[in-house]
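Everything on this sheet refers to the single structure shown next.
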Amino acid sequence: MFLKEYFGTIYKSIKSLLVGMKVTGYYFTHLDEIKTEEYPDNRATLKMFDRFRGEVVMPHDDNNEHRCTGCQACEIACPNGTIKIITKQEILEDGKKKKRIDAFVYHLDLCTMCNLCVVACPSDAIVMAQNFEHSVYDKKQLKKILNQPDSKLMQGVE
Amino acid sequence: MKILLTYSFSSLATYIHHLLAELITNSLLLQVTEMVILGVSLIAFLVVLCFFLGYMERKVAAFMEIRLGPNRVGPKGSMQIVADTLKLLLKEGLTPDSADKFLFNLAPVIMVIGSMMVIAPIAFAKDFQLYDINIGVLYVSAVSSLGVIGILMAGWSSNNKYSLLGAMRSGAQIVSYELSVGLSLISIVVLSGSLSLGDIVRSQENGWWIIKGHIPVIISFVIFIIASTAEINRAPFDMAEAEQELTGGFHTEYAGMKFAMFLLSEYINLFVVSAVAATLFLGGWMPFHIGGLDGFNHIMDFIPSSVWFFSKTFLIIFIIMQFRWTFPRLRVDQLLTLEWKYLLPISMVNVILVTVMAIMGWHF
Amino acid sequence: MNTEELKSSISAILPSVIYDETGEFLNVNIASEELYPLINELRSNSEFDFDYLFCLTCIDWKDHLMMVYHLLSKTHQHTIVLKAKISNRENAEIETVCNIWRTAELLEREVFDLFGVKFINHPDLRRLFLSDDWNGYPLRKDYVDENMISL
Amino acid sequence: MRGLIEDDYVTEEGEFVINIGPQHPSTHGVLHLKVWLDGETVKKVQPHLGFIHRSIEKMSESLSYRNFIFATSRMDYLAAHINNEACALTVEKGLQLEVPDRAKYIRTILAELTRLQSHLLWWGCTGLDLGAVTPFFYAFREREFIMEIMEETCGARLTQNFMVPGGVMYDIHPNFQKRTKEVLTQIKSKFQEYDNIMTGNVIFENRTKGVGLLSKEDAISYGVTGPTARASGVSCDIRKLIPYSAYDQVQFDEILGTGGDCYARYMIRMHEMKQSVFIIEQLIDNIPEGEFQAKTKNVIKLPKGEFYQRVETPRGELGVFIVSDGAASPYRIKYRSPGFSNLSALPLMAKGGKIGDLVAIMSTIDLVIPDIDR
Amino acid sequence: MEINKSMEGPLTFPGQVHETADGGILVTKLDDVINWARSNSLWPLVFGTSCCAIEMMSTAGAKHDWSRFGFEVARATPRQADLIIVAGTIVMKMAPVLKRLYDQMPEPKYVIAMGACTISGGPFFYNTYSVVKGVDHVIPVDVYIPGCPPRPEALLHSMITLQEKIKNEQYFKKKIEDVR
């Protein structure tokens, strides 16, 4: 009885080990199961999903115009102070003073890509870009000003 | 060219010997020069072998883990291990302040020397053996356990608790598994009637022991593979390193070149163990022969003996590597249970079986 | 037991409790000194059998601290919230419950760490999250840290 | 290093104190365990926490009810969805807001996908902890598919921040249902492989069976929840006891184990993966049409009072306790994290075992340290 | 490599030794070989504190597979590691530990700050009392990769960026100058 149990254990153990080795052996002999994406080589074909959140950008059209009115809704919506909007007073043609953005400062180093600013924006001025290659040697490069130099507010956006 | 065509290393050795004898007349000097050449070429061979084994291990692991493995450094990533070695050599080789500095620096050297010494009696090809010592098997089993001294030394001198635990585990492990290794070696010694590795290979002229000796030899082969995997501290028996438990085990404090030496000795050990298994059970360099079928045997002889030896060795290396990348690690007490409750009793009974078989001539 | 039964049973043990049923669970307000006899009864009496303390925390109400114990009975599936008011903010003390529910040991250390409530008879009352030389109790409302940048 | 130096380094004759962590491969992060050893046998374990204490509770006190949710993804990052869901549910409870059915269904499916990926990662890491490297890669292969679904619909892989008070942030992506079904078929076909390489393995069985015993009474007393408690026979699945979201619409079993050892905990999680697949299968084709988000005010203000919501994360019961004083940000938030209570039972479980057992226990109670430290 | 071109910002690195007339071809070649070895054999320390560690694991996983670059030999002991990927928040209590780990590593050693928390405290920059606001207050950082957490490809990108940096190091040249 003891011997039966003893050899039974050995038989079961060896069988279980061989079953395990069969799995690794299968993958060793079936190299087409490898689905590795070779990142830097596939950069041309690598496309992120549309909703993927890489960084906040402010789209500008051909006339160097953006849609940001400087309402600071995003700044309030941001949970961790990533966005800082510096505004200036601009005198319009009809003599009225109007608030316009001077600099849309975006701290990529603080950003958690939570999308709350994009949701909060009433005029769709900012969107999430799919770019993710942000590595830098210097932290200072991560502080970005999103509005381009000399850009203006698009007509009809209030 | 002629030398290469005959695939005989002995003629190469003779050629070099004659060449040197013409240059150097003093016989003692000649002997020393030849030894130095031999030593240097052996070390060079082992280093290249370790490069290859390291590359092989990473590729085997990668393919089993459905990934590609190194493929960007050199063609197909083959220079990866060269880069690793160069980097390790150039890394700051620090010694911890509170370590026993002499022993700390000595330990990796002992490990490497211990594992390199075992190479001596192994026949790599027909008539190619450094030293066919007449107690080859005894020598192999004696010298291969030198490594544990290095591990104990490394673990103790590092002044690190993880290292110490790893070294103690390794001590217990190697002392116990030495028994099973020895017993399974003995079963072949009994069958072939010689302790010399050269004689053992020649005794398999009409068939390898694993075929001739059928079940008992297969059992001792399996026991040898398991026990020697444990003896060279490879997973699933890598108790001395046990990364998840002891971070690095005995080599936790080692960096740079000294760590590279541990890696070197690990791979040499792997090669040695597989080479011994191939020699004893699979006929070493002996081609696949079946007793009585002279025509078949003759065809098999066309494949060079070194190819036979290395293909067998690498088959066993592959199996040991597959163990590592498949199985979970044993616990330290289960490790000893396995040895004392299973391997040792079975191999003891098995030795008796083999002896009876040898006396009665039941093998082929 | 339903809420009414719980109320009457608890009042039988401790008449001075104040109930509050505005929330999801039955809230039982007591003073910190009365905690231990009541809570011992709640655990050991098979009628209540509150064997599972699923939340233990503290609230800083500026003028007093309040320990909150969420208790659940696995057998009867009833829940109460026990609130013990600690009036003395500077030297806040309350009896430990970690010999009743073992989970309280770490939870009480957390409260000690972040609120500075000392638990009498706690076996190992040390700071849990913060280093031992930390000054102050950060989750108190009057905690000031000059390194902290406010939004 | 003052946090590390303790006065109780005093040891008895033959005792051996080692520090496992804060940086150690088996602690899954920055847990520090001080272990008293007698040879290889563990005599006493003392967890030291706080190496990732990020003061999320304090931070949330100054954030609005819309914003505090994002930080909870960083708490138990393997169950970011479920953490976010718990917060959103608590706020909804305070507002007495009825969430549209569509949002409920999406939440449940995403939560179960989260559970699936969390368990897959746990399975791989258990293998890794026990010394088998390969299962880790098999688990991550399947996990990547789930990550792709998350990315396509939620926009991020790990910390999605997809739950908002009142529903979900966006409607599901058009490919969502198709992809989810593909993943389910893929995972179902791999369960046998997982069993072959790990569950049936004799070394694995020996490493886990009878190791790290936790009795039912201890489990309740230590407040242990989740698969760890269910392995000891404690019925504690919040999805069954107090159904939230769409869990009252689906059928599934609460897996209860016996024994309370590492193997039981392992098996519970393996079965739970199958249950998650089953739950998603019931929901995926029946997502009702309609709004995905209820209308909420721009600035959410909770009425004065206290709100408590319990949800089931892959690790156990997460409780969100919000004390509101009527302002736009919570007065006090307490997260009752499952890992914290589960960890408190570790010294009990590990006592008397070997170091290897300690590693096995840690991996089978599935610790996520930021969840413990918050 | 193409990656380098797409990198914005100046390509001067802190600690760069400026070109001198002497040094010679041999030294330059040796430097090239050493930099080749070092940049292709970055063994990371197993060090993850929070969410980013999971993405680090994903990078090691089969789909992204950092072993293609030879990074897969993750060492548990700092003595054998070349690179710390600081994956996750560093809090006040952890900072001395991280410093010690960094000190235990033998030269040359590199640091990648992965994720918003390590770069600047990230989501825990405001209103928290226990988070170190940027790991560069504790140890020197070579490459920053923002994101919360950065996706595996982004981590690979940062490691390639680090490789580019190592390839411009001048080990022997510096040694020779030190001797002079």
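Each chain gets a letter, A, B and so on, in the order the sequences are listed, and its residues count up from 1.
Residues that satisfy the side chain to side chain contact (heavy atoms under 4.5 Å, CB included) test with A:Ala77, not counting sequence neighbours, are A:Ala120.
Near-neighbour residues of residues 188-196 of chain D relative to chain A, defined by a heavy atom under 4.5 Å from a heavy atom of that chain, comprise D:Lys190, D:Glu193, D:Asn196.
In this structure, CZ in D:Arg141 is found 6.5 Å from CD in A:Glu33, a value given to the nearest 0.5 Å. Here A:Thr112 contributes atom OG1 and D:Arg74 contributes atom CZ; the two are 4.5 Å apart, rounded to the nearest 0.5 Å. In this structure, the separation between CG on A:Asp50 and NE2 on D:His173 is 5.5 Å, given to the nearest 0.5 Å. Taken from OG1 in D:Thr159 to CE in A:Met113, the straight-line distance is 9.0 Å, to the nearest 0.5 Å.
Within the 4.5 Å cutoff, the side chain of D:Thr134 has no heavy atoms near those of the A:Tyr27 side chain. The shortest side-chain heavy-atom distance between A:Leu17 and D:Ile203 falls under the 4.5 Å cut-off. Contact check for A:Arg51 versus D:Thr153: side-chain heavy atoms found under the 4.5 Å cut-off. Between A:Phe49 and D:Glu148, the closest side-chain pair of non-hydrogen atoms falls below 4.5 Å. Annotation: side chain of A:Lys12 is not in contact with side chain of D:Val202 (no heavy-atom distance under 4.5 Å).
Heavy-atom distances place no part of D:Arg157 under 4.5 Å from chain A, backbone and side chain included. Proximity to chain A (any heavy atom under 4.5 Å) is shown, for D:Met198, by neither the backbone nor the side chain.
Each of D:Tyr170, D:Phe162, D:Phe70 was checked for a side-chain contact (heavy atoms from CB on, under 4.5 Å) with A:Asn115, and the lone residue meeting it is D:Tyr170. Each of D:Asn67, D:Asn161, D:Ile69 was checked for a side-chain contact (heavy atoms from CB on, under 4.5 Å) with A:Cys114, and the lone residue meeting it is D:Asn161.
Nearest approach of D:Glu151 to A:Met48, heavy atoms of both residues: OE2-SD, 4.0 Å.
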Query raised in the report: Where do D:Tyr138 and A:Val23 land on the side chain to side chain contact (heavy atoms under 4.5 Å, CB included) test, with the steps shown first?
Result: CA-CA 11 Å; D:Tyr138 298 163; A:Val23 177; 3.8 Å; yes
